[in-house]
Amino acid sequence: MKESFTYKITGKEDHDRALALLAHEAAKYECYIFVSKPGLPPKSAKSIMLLITGGFKTGDTVEFTFDGSDADVAAQNIKAALDSIGL
């Protein structure tokens, strides 16, 4: 099953901490989870290092893509996590 959604990064501070929390949340799911922004290849949301070096900044609109058996649950929970961690 595939799911996707877009998200606008609005957090003003400490993106590295927020991205680490995102990777921790993404690691809970079996499905593949990728985050991408226009002009750059997708990054695994389960890799702290790929997220931190991914060039994501305030104002970017990124796309999350989920592919696998628990994609629907992962997408729903990642959306909620993004709002709570302040990315």
Side-chain angles (χ1 to χ4, degrees):
M1 179 182 300
K2 277 193 156 186
E3 298 283 332
S4 67
F5 66 85
T6 57
Y7 183 83
K8 184 164 183 167
I9 299 173
T10 59
K12 302 283 190 243
E13 300 176 17
D14 203 7
H15 282 144
D16 290 350
R17 180 180 180 281
L19 291 170
L21 291 171
L22 172 61
H24 178 74
E25 179 66 24
K28 295 177 183 179
Y29 306 98
E30 291 183 24
C31 66
Y32 294 100
I33 304 172
F34 293 99
V35 59
S36 61
K37 71 179 198 176
L40 294 177
K43 310 286 185 198
S44 172
K46 296 181 181 184
S47 170
I48 294 170
M49 291 309 296
L50 288 176
L51 290 175
I52 289 174
T53 61
F56 305 112
K57 60 187 183 301
T58 300
D60 286 346
T61 298
V62 296
E63 181 174 12
F64 284 85
T65 306
F66 305 80
D67 190 8
S69 61
D70 58 352
D72 54 343
V73 173
Q76 181 180 16
N77 292 337
I78 293 290
K79 277 183 188 178
L82 287 167
D83 292 334
S84 70
I85 62 178
L87 185 64

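Only heavy atoms go into these numbers, but all of them, side chains included; no hydrogens, no water, no symmetry mates.
Partners of Glu3 by side chain to side chain donor-acceptor pair (under 3.5 Å), not counting sequence neighbours: none found.
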For the pair His15 and Phe56, evaluate side-chain contact (heavy atoms from CB on, under 4.5 Å) and give the outcome as yes or no after the intermediate values.
-> CA-CA 8 Å; His15 282 144; Phe56 305 112; over 6 Å; no
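Looking at Asn77, its side chain never comes within 3.5 Å of a backbone N or O of Ala74 through a donor-acceptor pair. Judged purely by atom type and a 3.5 angstrom limit, Lys8 has no side-chain atom pairing as donor or acceptor with the backbone of Thr58. The backbone N or O of Ile78 sits nowhere less than 3.5 Å from a side-chain atom of Tyr29 that would complete a donor-acceptor pair. Asp70 places a side-chain N or O within donor-acceptor distance of the main-chain N or O of Glu30, the cut-off being under 3.5 Å.
No single ILVMFWY cluster, assembled from side-chain heavy atoms under 4.5 Å apart, contains both Ile52 and Phe34. Under a hydrophobic-cluster definition in which Ile, Leu, Val, Met, Phe, Trp and Tyr are linked whenever side-chain heavy atoms come within less than 4.5 Å, directly or via other members, Leu51 and Tyr7 are assigned to the same cluster. At a threshold of 4.5 Å between side-chain heavy atoms, the hydrophobic network of Ile, Leu, Val, Met, Phe, Trp and Tyr places Tyr32 and Leu22 in two separate groups.
To the nearest 0.5 Å, atom CD1 of residue Ile9 and atom OG1 of residue Thr61 are 8.0 Å apart. Note that CG of Asp72 and NZ of Lys2 are 14.5 Å apart. Values are rounded to the nearest 0.5 Å. Within the model, atoms CG of Leu82 and CG of Leu21 stand 10.5 Å from one another, a figure rounded to the nearest 0.5 Å. To the nearest 0.5 Å, atoms OG (Ser84) and CD (Glu25) are separated by 8.0 Å.
The closest side-chain heavy-atom distance from Lys37 to Lys57 is below 4.5 Å. At a threshold of 4.5 Å between non-hydrogen side-chain atoms, the residues Thr6 and Val62 do not count as touching. Taking the side chain as every heavy atom from C-beta outward, Ile33 and Lys46 approach each other to under 4.5 Å. Within the 4.5 Å cutoff, side-chain heavy atoms of Leu50 are placed close to those of Ser44.
The local environment of CD in Glu63 is crowded, with over 12 non-hydrogen atoms from other residues, nucleotides or ligands closer than 6.0 Å.
The shortest heavy-atom contact between Ser47 and Ala23 is C-CB, 4.2 Å.
A ring-centre distance under 6.0 Å is found for Phe66 and Phe5.
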